Amino acid sequence: MMTVLGLSAAVVATSFISGILGMAGGMILMGILLATMSVGSAMIVHGVTQLASNGWRAILWRQFIDRRIVVGYLIGLALAVALFALVSLVLSRPWVLIALGATPFLTYLLPRQLELNVDRPGQPALCGFVCVAVQLLSGVSGPLLDTFFVPSKLDRKAVVATKAATQSFSHIAKIGYFGWVATAATEAVTPMLLAALVIAAVIGTSASRKVLEAMTDANFRNWTRRVVLVVGAVYLASGLWELAK
């Protein structure tokens, strides 16, 4: 496992990125964790740090949260957790990397007639179900979540705030799920490590606020897509390489 100092620095940096783009930082952090610890430990550590990052971001931008979307998302989340509780599935590291890397490409390649949009009736619940399912498989569902939000009429602050609220609940579900099905693999996750990473997540998230305020909505959406696709390509290639060994 990386030192507490090194991992804390990674969390500050990735929380800063997520604070600006509303995602991407979690993808980068997940790859770092998978390279340094078991899948079960990585999922727990990632869940705690991203809960701190997203939770604090939701508090900072709380006046912009769309509560209708959050309520619908929670309905889908409950259904996904119930399904995964029945199968108790934990993927190996190569398959987690492949799922993590493929998600942004699959979501951006959806045909227009299947366009996802949280503004549409019933789609917040669909968003909750599929995003939490992907979250429990790969640890991250940001690119998929973003697909539901890009076509919406929400501005960048509402997007970041609402996504932060929904992701906070997703990470709570992930922590609970992997704490239950992968207990033996998470012994290296110490309270001291988690406390340091929570503080790091809050620092990185707080530092990003002024950058987000200075961005335009167009730049926000363009940079989100570019960063996520580049990171996804790296993880997809890494997973396929490990699987081929």
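Starting from 1, each residue takes its place in the sequence as its number. Being a predicted model, the structure only gives us computed values, none of them experimental.
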Ignoring hydrogens, what is the shortest heavy-atom contact between [X] and [Y]? Give both atom names and the distance.
X: Y177; Y: F84; value: CE1-O, 3.5 Å
X: V118; Y: P124; value: O-CG, 3.5 Å
X: A80; Y: A133; value: CB-N, 4.1 Å
X: L51; Y: S168; value: CD1-O, 3.4 Å
X: M30; Y: A42; value: CE-CB, 3.7 Å
X: V96; Y: M43; value: CG1-CE, 4.2 Å

Side chains of S208 and T205, donor plus acceptor under 3.5 Å
no
Does a donor on one side chain and an acceptor on the other come within less than 3.5 Å for R57 and N54?
yes
Worked check of side-chain contact (heavy atoms from CB on, under 4.5 Å) between I28 and Y235:
CA-CA 9 Å; I28 297 170; Y235 289 156; 4.3 Å; yes
Can you pull out every salt bridge (Lys or Arg N to Asp or Glu O under 4.0 Å) where at least one residue sits in residues 229-243? Sequence neighbours excluded, please.
R93-E242
Do [X] and [Y] belong together in a cluster built from hydrophobic side chains that touch within less than 4.5 Å?
X: F105; Y: V230; answer: no
X: L83; Y: L137; answer: yes
X: I17; Y: I203; answer: no
X: L240; Y: W95; answer: yes
X: V12; Y: M192; answer: no

From CA spacing to verdict: side-chain contact (heavy atoms from CB on, under 4.5 Å), L74, F169
CA-CA 8 Å; L74 287 173; F169 288 112; 3.5 Å; yes
With sequence neighbours left out, which residue pairs that include part of residues 68-85 fulfil the side-chain hydrogen bond (donor to acceptor under 3.5 Å, both in side chains) condition?
Y73-S170
Minimum side-chain heavy-atom gap I98-L236 below 4.5 Å
yes
Rounded to the nearest 0.5 Å, what separates atom [atom1] in [X] from atom [atom2] in [Y]?
X: L97; Y: W241; atom1: CG; atom2: CH2; answer: 14.5 Å
X: L79; Y: L126; atom1: CG; atom2: CG; answer: 11.0 Å
X: R62; Y: I65; atom1: CZ; atom2: CD1; answer: 9.0 Å
X: K153; Y: D119; atom1: NZ; atom2: CG; answer: 7.0 Å
X: L154; Y: N117; atom1: CG; atom2: CG; answer: 8.5 Å
X: C127; Y: I75; atom1: SG; atom2: CD1; answer: 12.5 Å

Would you say [X]'s side chain and [Y]'s backbone share a donor-acceptor pair under 3.5 angstrom?
X: T162; Y: V159; result: no
X: T166; Y: K163; result: yes
X: K174; Y: G139; result: yes
X: S152; Y: F149; result: yes
X: S15; Y: G204; result: no

Is the number of heavy atoms from other residues, nucleotides or ligands under 6.0 Å of L86 CG greater than 12?
yes
Tell me whether the count of non-hydrogen atoms from other residues, nucleotides or ligands lying under 6.0 Å of CH2 in W61 goes above 12.
yes
side-chain contact (heavy atoms from CB on, under 4.5 Å) between L197 and S8, intermediate numbers included
CA-CA 5 Å; L197 299 186; S8 295; 3.7 Å; yes
Under the criterion side-chain contact (heavy atoms from CB on, under 4.5 Å), I'd like the reasoning laid out for V48 against I175: C-alpha separation, chi angles, the key distance, then a yes or no.
CA-CA 7 Å; V48 171; I175 293 166; 3.8 Å; yes
Keeping to residues at least two apart or across chains, list the ring pair (Phe, Tyr, Trp, His ring centres under 6.0 Å) pairs with something in residues 30-53.
H46-H171
